[in-house]
S.K.: 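Please read through the structure below; I'll follow up with questions.
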Amino acid sequence: MPDELSCPMPQSLDAECVTLAYGEGGRLSRRLVQERLLPRFGNPELSALGDAAVLTTSGRVAFTTDSYTVTPLFFPGGDIGRLAVYGTVNDLAVSGATPRWLSLSLMIEEGLTWTSLDRVLDSIQVAAKEADVLIVTGDTKVVPRGAVDQLFITTAGIGEFKSAVPDGPAALQPGDVILVSGPIGQHGAAILCAREDLGFEPPPLSDCANLAPAFHHMQCQNLTPRAARDATRGGVAAVLHEWSTVCGLGIDLEEQQLPVGNEVSAVCELLGLDPLFLACEGTFVAACPEDRVNEMLTNLHKFPVTQNACVIGRVVPARPVAVCVRRAAGRMMPLDEPAGSPLPRIC
Amino acid sequence: MCLGIPGRVLRWLDRSELMAEAEIDFDGVRKRCPMACVPDADVGDYVLIHAGIAISKLDRSPEDFYRIETQP
Amino acid sequence: MDVCGGQTHNLLRHGIENALSDCIELIHGPGCPVCVTPAAVIDRAIELALTHKVTLATFGDMLRVPGQSGSLLQTRARGGAVRTIYCPTQAVQLAQRHPDQQVVLLAIGFETTAPSTALAVLQAEDQRLTNFSVLAHHVRVEPAMRVLAADPGRRLQGFLAAGHVCTVTGYHELESLAQDFKLPVTVTGFEPLDLADGLLGCVQQLEQGRAVVENCYPRSVRREGNSAALRLLERVFAPDDLAWRGFGVIPQGGFVLRQKYEMYDAERRFDAVKHSGSPESRADHHCAAVLSGRMKPCACPLFGQACTPDFPQGAPMVSSEGACAAYFRYTGGPALR
């Protein structure tokens with residue numbers, strides 16, 4: 001018989017992992033908000049913990065939302081938290097608005113470790129600070145095991161218009177130049193390699209980054225592009241197909257001019273993927289009149305995130321095939337519209 | 001068959017019969033690949049990678065070949 | 001005829017087919033293992049995943065190929081554990097890491113890929129794994145080429161032999177094919193220059209009235225092939241008759257596991273219901289004609305209408321190497337007809 005008495009109750013699971021109780025709206029939920037969210041994001045609006053944030057804007061606003069369900073949560077070049085902030089910030093930026101406020105909705109799978117959650121929250125804090133946006137409202141749910149894959153995040157963002165706004169793809173004209181703000185397919189390649197543990201050294205890095213300062217700078221120089229899009233799922237190919245459909249014109253690309261990083265190139269070759277179809281997260285596609293391109297590039301090159309911006313093609317008159325690429329052997333060949341996620345192939 | 005990518009043998013990691021493995025360089029990006037089909041490849045040799053596995057030794061560097069291809 | 005799907009893909013992608021269209025007609029052969037894997041194999045794989053609850057490890061190429069009960073991608077949506085791998089030995093590692101799960105490798109492909117499957121089986125044997133098996137359907141190219149060459153209605157006058165298959169097997173087996181059927185055979189690679197070289201070789205032989213095997217991919221292919229790869233292959237697999245989708249059974253057209261390795265045969269292990277060959281669908285009939293080169297993809301009544309990359313009716317449209325998908329992509333589908 002032991003001399004000491006030890007408590008038969010097992011060590012609380014709460015200590016390591018988020019449990020359902022933290023999502024039920026009671027004392028533990030409040031604790032989560034008070035201990036983990038407010039200290040990181042604290043601002044008068046959020047701290048008021050009202051049902052709604054009350055904001056004063058200076059005129060028309062842009063409003064966008066996105067959900068982030070990436071696996072794994074942490075990957076070379078970023079994590080789901082950083083993604084959730086920059087993804088929404090970038091959507092506002094390329095629409096021509098200055099990002100100001102975000103909402104943050106967390107859906108946490110029961111059993112997620114506090115360590116992981118804290119890491120993600122730290123990341124959100126850093127990204128929001130860097131992007132100069134305030135998280136003014138949010139929601140936290142904890143759901144049963146299996147209902148979500150570890151953590152899903154939804155952010156909605158509001159931005160204010162302070163400068164000229166892109167007209168959109170309907171305004172594209174034959175002769176307009178297509179450019180990208182940096183190397184393509186980084187995020188898609190990074191996620192694929194991380195998820196499948198493919199063992200590339202160095203691994204491809206996600207390009208997850210804030211595009212707002214570089215874009216805003218262009219606008220301030222009177223260099224607002226005719227159209228601009230954050231190239232996310234479906235990659236550059238998806239954006240160009242969409243633009244072609246909206247404006248009814250064709251788009252030609254030059255394969256030799258596509259900026260593709262070394263790591264992404266190696267991964268794509270080995271797995272039989274085309275970087276044009278892989279997602280980006282800190283890269284935008286833009287279209288502008290030919291006479292503005294050089295100035296635009298000069299401006300973009302001043303910022304690290306867009307220092308490799310370059311021309312990749314041009315808009316051409318209407319024709320049956322939407323998007324074409326001039327391949328290495330000199331022929332202009334049609335480019336598919338992406339259908340489903342790119343699959344590694346051996347054949 | 002289809003996708004076969006050339007890579008250069010950087011260093012051997014395991015020379016046993018079934019678990020033979022080497023670090024292969026693809027233009028600056030490195031990856032470990034099974035080498036059971038090319039047990040006599042030397043460091044510096046080029047091999048052809050198919051479905052993640054080295055299936056053959058190449059008799060010269062791909063650069064030699066592509067230089068010819070891009071001459072006008 | 002360009003035998004290999006990768007050659008088809010690049011001939012179209014680089015516009016070589018277009019450039020030569022007024023003097024050379026290219027018939028695209030059945031060189032896409034995804035396309036020639038019978039629907040019954042897909043169905044068996046689906047059954048293993050859904051009924052026997054195995055973790056099915058497969059190359060990405062197979063995910064969208066339709067069987068009778070849908071595709072492997074759809075199976076994943078229905079709760080089947082379907083894992084995409086890009087290398088057969090990954091499946092062995094999966095089995096090692098999850099001793100509580102039965103892992104089945106869906107092993108398709110030509111002689112290019114078969115040695116890798118053999119390696120996976122040998123690794124599993126070496127590690128005494130009891131939770132690893134293969135659902136194998138590896139095919140052999142030369143017997144299929146013979147069937148095509150022997151077809152009395154054949155129009156092909158020469159073969160671009162599959163460069164990566166020959167990298168493993170060598171090309172001495174093709175010498176009797178060239179002789180028996182008086183057909184020039186050039187062992188051809190995949191880059192634009194390789195393809196042009198192979199085509200030139202065939203044309204020159206035809207002009208000179210010769211019919212021999214010429215190696216136009218010497219940097220990768222030797223006459224005797226890769227003996228280390230062949231040794232691995234021959235340890236685990238033996239040639240046997242095998243069904244090709246759209247062709248029926250081709251004598252010696254594939255590989256079966258040798259008796260010593262039968263315990264790694266997923267079909268035996270799981271007593272999978274023997275699908276005695278699904279009835280041929282209307283689409284299969286057309287697919288067969290395309291795969292054997294008797295019909296060009298654009299001549300199929302379903303091409304671009306009922307059958308598109310988004311809604312494929314048969315394997316040649318699903319596989320990115322399939323003749324129909326390649327055609328659709330590089331000719332813009334019905335838009336450019």
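Residue numbering restarts at 1 for every chain, and letters A, B, ... go by the order of the sequence lines.
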S.K.: Taking atom CZ as the centre, does B:Arg30 end up with more than 12 heavy-atom neighbours from other residues, nucleotides or ligands that are less than 6.0 angstrom away?
M.R.: yes
S.K.: Taking every non-hydrogen pair under 4.5 Å, which of B:Gly4, B:Gly52, B:Ala51 racks up the most with chain C?
M.R.: B:Ala51
S.K.: Need one label for C:Leu122: side chain, backbone, both or neither, based on atoms under 4.5 Å from any heavy atom in chain B.
M.R.: both
S.K.: What distance do C:Thr113 atom OG1 and B:Leu3 atom CG have between them, rounded to the nearest 0.5 Å?
M.R.: 10.0 Å
S.K.: At a heavy-atom separation under 4.5 Å, does C:Glu125 approach chain B through its side chain, its backbone, both, or neither?
M.R.: neither
S.K.: Checking heavy atoms, do the side chain of B:Ile55, its backbone, both or neither come under 4.5 Å from chain C?
M.R.: both
S.K.: Using every non-hydrogen atom in the two residues, find where C:Leu119 and B:Pro34 come nearest and quote the distance to one decimal.
M.R.: CD2-CB, 4.2 Å
S.K.: With rounding to the nearest 0.5 Å, note down the distance linking CG in B:Leu58 to CZ in C:Arg219.
M.R.: 7.0 Å
S.K.: Shortest non-hydrogen contact from B:Leu18 to C:Gln123?
M.R.: O-NE2, 3.0 Å
S.K.: List the steps and the verdict of side-chain contact (heavy atoms from CB on, under 4.5 Å) for B:Met19 and C:Gln127.
M.R.: CA-CA 11 Å; B:Met19 302 306 293; C:Gln127 290 161 34; 3.8 Å; yes
S.K.: Shortest non-hydrogen contact from B:Cys37 to C:Asn226?
M.R.: O-ND2, 3.0 Å
S.K.: Do you know the tightest heavy-atom contact between B:Ser56 and C:Thr167?
M.R.: CB-CG2, 3.0 Å
S.K.: Checking C:Arg222 against chain B: side chain, backbone, both or neither under 4.5 Å from a heavy atom?
M.R.: side chain
S.K.: Once you round to the nearest 0.5 Å, how far does NE2 of B:His50 lie from OG of C:Ser116?
M.R.: 6.0 Å
